[in-house]
Amino acid sequence: MNMYDKLGSLLNETLEAGAVKFVRVESPCKESASAEEKNAPEKEKTKEYVYKKLTPELEHAYKVLNVPLTATKDDIKRAYKERLLYYHPDKHTGNAVIEKVANKKTSEIIQAYNLLDDFLQQ
């Protein structure tokens, strides 16, 4: 067994144990794409994916927005708007306790969206 086989086995054990989590995200659009690629129909365009390390903070952000790890940028934006509309503090005026919870939940949703947006932009 050579060194690369040992490294591969170690990596597989680490991933299977869940010690390190990765998520597959669509690669950001490259601005240097040729004019032919930009004008090509959507079916012919190839999407590039990259694997990024999933930190506990990112995993929590996915849970806050209630989206799967495979969610696209549009899915995340849609979930963000729905959750924000549901928990918006202006909908809960009159009850101080519920309004306070709504304020906290709204700020948590905004932070989660900003974190995921930055994560997908990189």
Side-chain angles (χ1 to χ4, degrees):
M1 182 178 251
N2 65 23
M3 178 181 70
Y4 296 111
D5 292 334
K6 289 178 185 177
L7 285 174
S9 297
L10 181 63
L11 178 61
N12 285 335
E13 290 173 13
T14 304
L15 292 174
E16 287 174 6
V20 179
K21 294 182 182 179
F22 289 91
V23 66
R24 185 177 101 158
V25 296
E26 191 173 329
S27 179
C29 296
K30 297 181 180 178
E31 297 176 10
S32 62
S34 67
E36 293 174 6
E37 289 179 9
K38 289 180 182 177
N39 296 331
E42 198 63 34
K43 292 180 183 176
E44 295 178 15
K45 292 181 181 178
T46 57
K47 294 184 179 180
E48 294 181 15
Y49 293 96
V50 294
Y51 288 89
K52 294 185 178 183
K53 184 178 176 184
L54 186 65
T55 63
E57 293 84 16
L58 289 168
E59 195 170 6
H60 178 70
Y62 276 104
K63 287 179 184 177
V64 167
L65 293 178
N66 198 23
V67 292
L69 297 175
T70 58
T72 63
K73 207 170 178 186
D74 292 333
D75 295 337
I76 292 171
K77 188 173 186 176
R78 188 177 316 111
Y80 165 72
K81 288 181 179 182
E82 288 173 2
R83 304 284 284 184
L84 203 56
L85 184 63
Y86 182 78
Y87 287 106
H88 200 278
D90 290 345
K91 291 178 69 175
H92 305 287
T93 56
N95 188 336
V97 174
I98 294 176
E99 190 173 352
K100 184 176 179 179
V101 170
N103 278 328
K104 183 177 179 185
K105 193 70 173 172
T106 300
S107 66
E108 188 177 350
I109 291 168
I110 292 169
Q111 288 175 350
Y113 176 74
N114 289 335
L115 184 65
L116 290 177
D117 190 43
D118 292 343
F119 175 68
L120 294 176
Q121 289 291 330
Q122 295 175 349

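Every value quoted in this text rests on a predicted model; they were computed, and no experiment measured them.
- With sequence neighbours left out, the side-chain hydrogen bond (donor to acceptor under 3.5 Å, both in side chains) criterion links N114 to no other residue.
- A distance of 13.0 Å separates CG in D117 from CD1 in I110, rounded to the nearest 0.5 Å.
- With sequence neighbours left out, the side-chain contact (heavy atoms from CB on, under 4.5 Å) criterion links N103 to P89, E99.
- Residues satisfying the side-chain contact (heavy atoms from CB on, under 4.5 Å) test with Q111, not counting sequence neighbours, are none.
- For S107, there are no side-chain contact (heavy atoms from CB on, under 4.5 Å) partners two or more places apart in sequence or in a different chain.
- One hydrophobic cluster, built from ILVMFWY side chains closer than 4.5 Å, cannot hold both I98 and Y87; they sit in different ones.
- A distance of 4.5 Å separates CD1 of I76 from CG of L120, quoted to the nearest 0.5 Å.
- Partners of F119 according to the ring-ring contact (aromatic ring centres under 6.0 Å, His included) rule, which considers only residues two or more places apart in sequence or in another chain, do not exist here.
- The ring-ring contact (aromatic ring centres under 6.0 Å, His included) test applied to Y80 returns Y113, not counting sequence neighbours.
- Looking at residues two or more places apart in sequence or on another chain, you find a side-chain contact (heavy atoms from CB on, under 4.5 Å) between E108 and H60, V64, K105.
- A search for salt bridge (charged side-chain N to carboxylate O under 4.0 Å, His left out) contacts involving E59 returns K21, not counting sequence neighbours.
- By the criterion of side-chain heavy atoms lying less than 4.5 angstrom apart, applied directly or through intervening Ile, Leu, Val, Met, Phe, Trp or Tyr residues, V101 is not grouped with Y86; the two fall into different hydrophobic clusters.
- Sorted by first and then second residue, the salt bridge (Lys or Arg N to Asp or Glu O under 4.0 Å) pairs involving residues 77-92 (not counting sequence neighbours) are D75-R78.
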